[in-house]
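Here's the structure, in structure tokens; my notes come after.
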Amino acid sequence: MSNLETVVSEIVDEMRQRTDRGEVARYIPELARVDPGHFGLAVIGADGTVAAAGDCDVPFSIQSISKVFTLTLALGMVGDKLWRRVGREPSGSPFNSVVQLEYERGIPRNPFINAGAIAVTDLILSGHQPREALGEILRFMQFLAQDATITIDEAVAASEQRTGFRNVALANYMKSFEVIDNPVEYTLGVYFHHCAISMTCRQLAVAGRFLAHSGRDPSTGLSVVQAERAKRINAVMLTCGHYDGSGEFAYRVGLPGKSGVGGGILAVAPGRASIAVWAPGLDAAGNSHLGRIALERLTKRLGWSIFGE
Ligand code: GLN
């Protein structure tokens with residue numbers, strides 16, 4: 001076993017035994033049914049070596065991790081004009097905060113809180129039918145993960161569509177400031193569905209490789225985005241990827257990362273690796289509890305924090 005494989009398997013063994021698992025998301029009924037006992041981890045190094053263990057091949061709801069990919073797609077479509085609609089400062093508030101949006105006159109703080117991601121989805125939707133926009137997002141995920149079998153979990157999307165009242169409020173509020181161009185129900189339909197994309201840790205780690213390697217997928221040599229854009233997406237992940245837990249994640253893990261309420265985290269070790277972890281139980285800020293602890297162990301043991309050993 002390589003050192004990386006040993007570290008990954010020891011972390012998975014430890015995480016499987018821990019009893020402090022956090023709480024699964026209950027506000028999306030379909031996610032409340034997920035067993036908090038799951039734990040998966042996949043790490044893909046610069047040379048393509050994969051170290052993966054636990055439930056690394058069990059699909060889960062990627063939820064807000066999809067926002068990294070919609071941001072990438074939207075930047076490709078509209079370029080830096082995107083930043084006229086959405087800021088790029090950490091929010092210091094919960095991911096679904098309504099009050100912050102009022103203070104900031106309908107311009108979301110960053111593309112990773114719900115309001116910001118809904119505004120980004122609206123940009124992707126403009127000029128398309130919702131079905132086309134969603135197809136575009138799903139195909140982009142399949143392309144990056146090199147796996148055409150990736151799908152949307154319709155039960156999760158329908159569950160959120162029935163209960164996502166806060167997101168409806170955020171979208172309508174932005175609409176009143178003309179930050180949303182399309183009919184609110186169309187934009188939210190696409191948003192709920194891209195959050196409901198179902199992927200495994202292994203697939204997600206493959207999809208994130210371009211962020212770890214200056215915008216290029218090292219296995220194919222294909223450029224997904226310019227190096228400068230990858231650098232900037234990573235910067236926003238570091239400062240905003242964990243909502244009001246972003247400071248704590250940077251302090252403990254020291255990598256750009258994006259969490260989702262399905263319990264997944266995609267983390268990027270620039271030049272070194274793309275990492276995906278899944279543990280469904282969340283902490284108070286809505287980020288994976290054991291996922292964060294596992295990444296802290298990993299970066300500490302491998303000296304991978306971007307801030308030093
Ligand atoms: N679909 C979820 C929501 O809009 C995504 C939130 C998250 O993963 N933090 O509430």
Side-chain angles (χ1 to χ4, degrees), residues 22-34 36 59-71 86 90-98 100-101 108-122 124-125 134 137-138 141 152-174 180 184-199 204 236-237 239-246 248-249 257-267 276-289 291-292:
E23 292 273 328
V24 295
R26 303 220 166 272
Y27 76 100
I28 302 177
E30 203 63 22
L31 295 183
R33 297 170 35 174
V34 177
F60 63 90
S61 192
I62 67 168
Q63 291 296 318
S64 288
I65 303 173
S66 61
K67 297 171 182 175
V68 174
F69 301 97
T70 48
L71 174 64
V86 183
S91 63
S93 324
F95 63 84
N96 53 9
S97 174
V98 177
Q100 189 166 56
L101 202 55
R109 239 334 145 86
N110 67 63
F112 293 154
I113 52 173
N114 286 10
I118 293 166
V120 168
T121 301
D122 187 69
I124 297 175
L125 177 56
L134 190 58
I137 296 166
L138 183 62
M141 286 301 328
I152 291 167
D153 186 331
E154 286 294 338
V156 172
S159 177
E160 205 180 353
Q161 208 133 24
R162 274 196 306 277
T163 57
F165 305 113
R166 270 187 186 242
N167 288 323
V168 175
L170 293 169
N172 277 299
Y173 196 70
M174 287 189 286
I180 298 287
V184 163
E185 54 280 20
Y186 286 10
T187 302
L188 285 173
V190 177
Y191 171 79
F192 291 142
H193 280 81
H194 74 62
C195 286
I197 293 175
S198 193
M199 288 171 75
L204 208 46
V236 183
M237 284 172 78
T239 52
C240 312
H242 282 72
Y243 316 110
D244 44 344
S246 298
E248 187 70 5
F249 189 82
K258 181 75 206 82
S259 69
V261 289
I265 302 175
L266 172 65
V277 63
W278 174 48
L282 308 177
D283 62 18
N287 301 312
S288 176
H289 172 65
R292 200 262 295 143

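Computed from a predicted model, the values in this text were never measured in an experiment. Keep in mind that the numbers below use all heavy atoms, side chains included, and drop hydrogens, waters and symmetry copies. Numbering of ligands and ligand atoms starts at 1, following listing order.
- Side-chain contact between P59 and M199: absent, with no pair of heavy atoms (C-beta onward) separated by less than 4.5 Å.
- Between S259 and S288, every side-chain heavy-atom pair lies at or beyond the 4.5 Å cut-off.
- Inspection of the H193 and E154 side chains reveals an N or O donor paired with an N or O acceptor under 3.5 Å.
- Here the side chains of I137 and S66 are not in contact, with every heavy-atom distance at 4.5 Å or above.
- Note on ring orientation: taking the six-membered ring where Trp is involved, the planes of W278 and F60 are parallel (angle under 30°, cut-offs 30° and 60°).
- At least one side-chain heavy atom of V261 sits under 4.5 Å from a side-chain heavy atom of Y27.
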Which pairs of nitrogen or oxygen atoms, taken one from ligand 1 and one from the protein, are under 3.5 angstrom apart?
| from | atom 1 | to | atom 2 | distance (Å) |
| --- | --- | --- | --- | --- |
| ligand 1 | 1 (N) | Q63 | OE1 | 2.6 |
| ligand 1 | 1 (N) | E160 | OE1 | 2.9 |
| ligand 1 | 1 (N) | E160 | OE2 | 2.8 |
| ligand 1 | 4 (O) | N114 | ND2 | 3.0 |
| ligand 1 | 4 (O) | E160 | OE2 | 3.0 |
| ligand 1 | 4 (O) | N167 | ND2 | 2.8 |
| ligand 1 | 4 (O) | Y191 | OH | 2.7 |
| ligand 1 | 8 (O) | S64 | N | 3.1 |
| ligand 1 | 8 (O) | S64 | OG | 2.5 |
| ligand 1 | 8 (O) | V261 | N | 2.8 |
| ligand 1 | 9 (N) | S64 | OG | 3.0 |
| ligand 1 | 9 (N) | Y243 | OH | 2.9 |
| ligand 1 | 10 (O) | Y27 | OH | 2.6 |
| ligand 1 | 10 (O) | N114 | ND2 | 3.1 |
| ligand 1 | 10 (O) | E160 | OE2 | 3.4 |

